[in-house]
Amino acid sequence: MNYYSLNKKAPNTSFKEAVIKGLAPDKGLYFPEAITPLSKDFFDSIEQLSNSEIAYETIKQFVLPEIPENELKRIVEDTLSFDFPIVELNKNISSLELFHGPTMAFKDVGARFMARCLGYFNQDNTNEVTVLVATSGDTGGAVANGFLGVKGVNVVILYPSGKVSDIQEKQLTTLGQNITALEVDGVFDDCQDMVKRAFLDEELTSNMQLTSANSINVARWLPQMFYFMFAYKQLKSKYKNIAFSVPSGNFGNICAGMMAQKLGLPIIHFIASNNANNVVTEYLKTKKYNPKPSVQTISNAMDVGNPSNFIRIQEIYKSDFELLQENLSSFSFSDEETKAAMLEIHNNYNYVADPHGAVGYLGAKSYLKNNSNCHCMFLETAHPTKFLDVVEDVIETTVELPEQIKSVIDKEKTSIKIDAYDDLKKYLLRA
Ligand SMILES: *Cc1c(COP(=O)(O)O)cnc(C)c1O
C-alpha cells in the first residue's frame with residue numbers, strides 16, 4: 001500500500017518509508033491511497049476467528065507486500081499477546097478494556113506493532129533508526145516497553161522531571177538495553193519543543209534517521225482498528241446497534257475506529273468524549289475549528305489543544321461537515337463531572353474506572369439520552385491504578401496493584417538529566 005501526505009506537497013511513499021519517516025517531508029500526515037472494504041463473509045463469520053486472524057485481515061491491505069504475509073502474521077500475533085475483554089455495566093453501556101497489555105495502557109498495541117515493523121525493516125542492519133518521544137506519562141512507557149530489545153532501534157524518551165507519576169517514571173527508566181530516558185528540567189511542553197526542534201535540525205537529521213512514535217506514525221495509528229473489530233466480535237450476537245464512545249486526545253484511536261467502519265464494520269455512531277480540552281466538541285457545535293493551548297485535567301492523556309489526527313478524520317469524511325455530524329457526536333466534561341462519574345460507576349456497578357474511561361462513560365450516557373435503542377461501549381484506555389491518587393481519593397477504596405505494575409515498582413531508576421536542547425543534541429550525536 002502507498003501513502004500520500006495530507007499536505008499534498010510530498011511524493012507518495014511506501015508503507016516502509018511512511019513508518020520510518022513518521023511525518024512526510026512536507027510535514028503532512030500520511031494517509032493510505034485506498035481503503036478497500038472487507039467481505040461480508042468476514043463480518044458474518046468473525047466470531048469463529050481468533051483475534052490474530054481478525055487483526056491480520058484488518059491490517060493486511062495497509063502493509064502488504066512490504067512486509068510479507070508470513071512475517072505480518074507473526075508480527076500481529078506477537079503484538080496481541082493479551083486480552084481485550086468487555087465488561088457490561090447494563091444493557092446499554094459496557095466498558096471495552098484496552099489496558100491488559102504490558103504497561104496497562106491501550107497504547108501498548110500500537111507501540112508493539114510499530115516496533116516490530118521497524119525491527120523487520122532493519123533486519124539486515126541497513127535501516128537503523130532513533131525513535132524520539134516526548135511523554136507526559138503513558139506514551140513513553142508503552143513505547144519503551146514495546147521497543148525493548150528491538151534490534152537497530154534506539155529509543156530516546158524525554159519526560160518532565162517530577163511531573164509524571166512514580167509508576168509511570170519507573171516504567172520509563174528501568175528497562176535499560178536500547179531504551180534511554182532523558183529527565184528534563186521543565187514541563188511536558190519543553191520536552192515536546194526539544195523533540196520538534198530535533199526533527200528540524202539538519203545537523204542531526206543528516207547524521208541519523210530520526211522518527212516519532214506517536215499516533216502520527218501510521219504503524220502506531222492503524223493497529224488501533226483492531227479494538228473495534230474485537231469488540232464487535234464479542235457483542236455482535238447480543239446487540240444490534242453498536243456505538244463507541246472514545247476518550248480522545250489526539251484523536252488517533254477514534255480515527256482508527258472510523259477506518260474500521262470504512263472497512264465495513266457495522267458501527268452506528270462514534271462519540272468523541274473530551275475533557276475540558278474541547279476543540280472538537282466546539283467544532284461540531286459551531287463548525288469553527290479553533291485550536292487552543294491545552295489545559296490541565298485529571299484525564300491528562302487527553303490534554304491536547306490541537307488534536308493531530310483530526311485532519312485524518314476530515315480526510316475520511318472528505319471534509320463533509322454534515323456527514324461527519326451524522327456519524328460523530330462529541331461531548332466535553334469537567335474534572336468534577338468526571339470524578340462524580342467514577343463514583344457513580346463504582347457505586348452502581350461495583351466497577352473501577354480510570355479518569356479517561358470515566359469521561360468515555362459520560363459521553364456514552366449523553367449520547368444514549370436520545371438514542372436509547374443502542375448499545376454503547378466506552379473504551380477504558382488505562383488501568384485505574386495508573387492514576388491511583390485520583391482513583392483512590394474519589395472512590396475512597398484501595399485498589400489492588402496488578403502484576404505488571406508491581407513488577408516495576410522495586411526496580412532501580414536510571415535517567416540522564418538534561419535542561420536544554422543542546423544537551424539533547426549532544427546526547428544524540430555522541431559516539
Ligand atoms: C493517549 C490516551 C488517550 C487518547 O488517545 P488519542 O488516540 O490520543 O485520542 C486516552 N486515554 C489514555 C489513557 C491515553 O493514554
Side-chain angles (χ1 to χ4, degrees), residues 29 95-111 113-114 133-146 159 164-165 167-168 171-172 188 192 212-228 244-260 270-281 294 297-313 328 330-333 338 342 352-363 378-388 390-391 405:
L29 273 67
S95 165
L96 170 60
E97 295 187 346
L98 303 180
F99 55 68
H100 293 272
T103 75
M104 315 218 80
F106 85 96
K107 293 183 170 76
D108 279 330
V109 167
F113 185 83
M114 178 181 164
V133 254
T135 186
S136 56
D138 265 8
T139 304
V143 168
N145 194 287
Y159 74 98
V164 304
S165 77
I167 288 167
Q168 286 173 332
Q171 287 182 327
L172 297 174
F188 170 67
Q192 182 100 305
S212 66
N214 49 30
S215 54
I216 282 175
N217 197 300
V218 295
R220 244 205 67 193
W221 168 51
L222 290 170
Q224 302 178 110
M225 293 186 293
F226 303 161
Y227 312 136
F228 301 88
F244 286 100
S245 169
V246 187
S248 296
N250 269 317
F251 281 68
N253 202 2
I254 195 167
C255 181
M258 290 167 171
M259 291 291 284
F270 286 99
I271 298 108
S273 299
N274 290 145
N275 57 29
N277 296 281
N278 61 356
V279 199
V280 174
T281 310
S294 63
T297 73
I298 55 166
S299 46
N300 60 20
M302 312 197 302
D303 295 351
V304 179
N306 187 10
S308 50
N309 282 286
F310 195 66
I311 185 153
R312 283 187 170 134
I313 293 180
L328 177 71
S330 179
F331 304 97
S332 149
F333 303 97
T338 306
M342 288 161 68
V352 182
D354 95 295
H356 304 78
V359 170
Y361 167 83
L362 285 170
F378 67 92
L379 276 57
E380 189 27 308
T381 45
H383 191 278
T385 54
K386 295 199 81 176
F387 301 90
L388 202 59
V390 184
V391 171
I405 303 282

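Just follow the structure's listing: the first ligand is 1, and inside any ligand the first atom is 1. Keep in mind that what you see is a predicted model, and the values were worked out from it rather than measured.
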| task | Using non-hydrogen atoms of the residue, decide whether Phe99 is closer than 4.0 angstrom to ligand 1. | result | no
Does [X], backbone or side chain, put an N or O under 3.5 Å from an N or O of ligand 1?
X      : value
Lys107 : yes
His356 : no
Met302 : no
Thr381 : yes
Asn250 : yes
Phe106 : no
Phe251 : yes

Which pair of heavy atoms, one from [X] and one from [Y], lies closest together, and at what distance?
X      : Y      : value
Ala382 : Phe387 : CB-CE1, 3.7 Å
Lys386 : Thr103 : NZ-O, 2.9 Å
Asn300 : His356 : N-NE2, 3.5 Å
Val391 : Ala353 : CG2-O, 4.1 Å
Gly363 : Ile271 : O-CG2, 3.8 Å

Counting each atom of ligand 1 from 1 as listed, which ones have a heavy atom of [X] under 4.0 Å away?
X      : answer
Ala301 : 2 (C), 12 (C), 14 (C), 15 (O)
Gly252 : 6 (P), 7 (O), 9 (O)
Ala382 : 13 (C)
Pro247 : 4 (C), 10 (C)

With no hydrogens and no angle check, just 3.5 Å: does a side-chain donor-acceptor pair link [X] and [Y]?
X      : Y      : value
Asn309 : Ser215 : yes
Thr281 : Asn274 : yes
Asp303 : Asn275 : yes
Ser212 : Asn217 : no

| said: Looking only at the aromatic ring of each residue, does the gap between the centers of Phe99 and Phe106 stay below 6.0 angstrom? | reply: no
| query | Can you tell me the protein heavy atom closest to atom 4 (C) of ligand 1 and the distance? | reply | Gly249 N, 3.6 Å
| Nearest protein heavy atom to atom 7 (O) of ligand 1, by residue and atom, and its distance? | Asn253 N, 2.9 Å
| said: Counting only heavy atoms closer than 4.0 Å, does ligand 1 sit against the backbone of Lys386, its side chain, both, or neither? | reply: neither
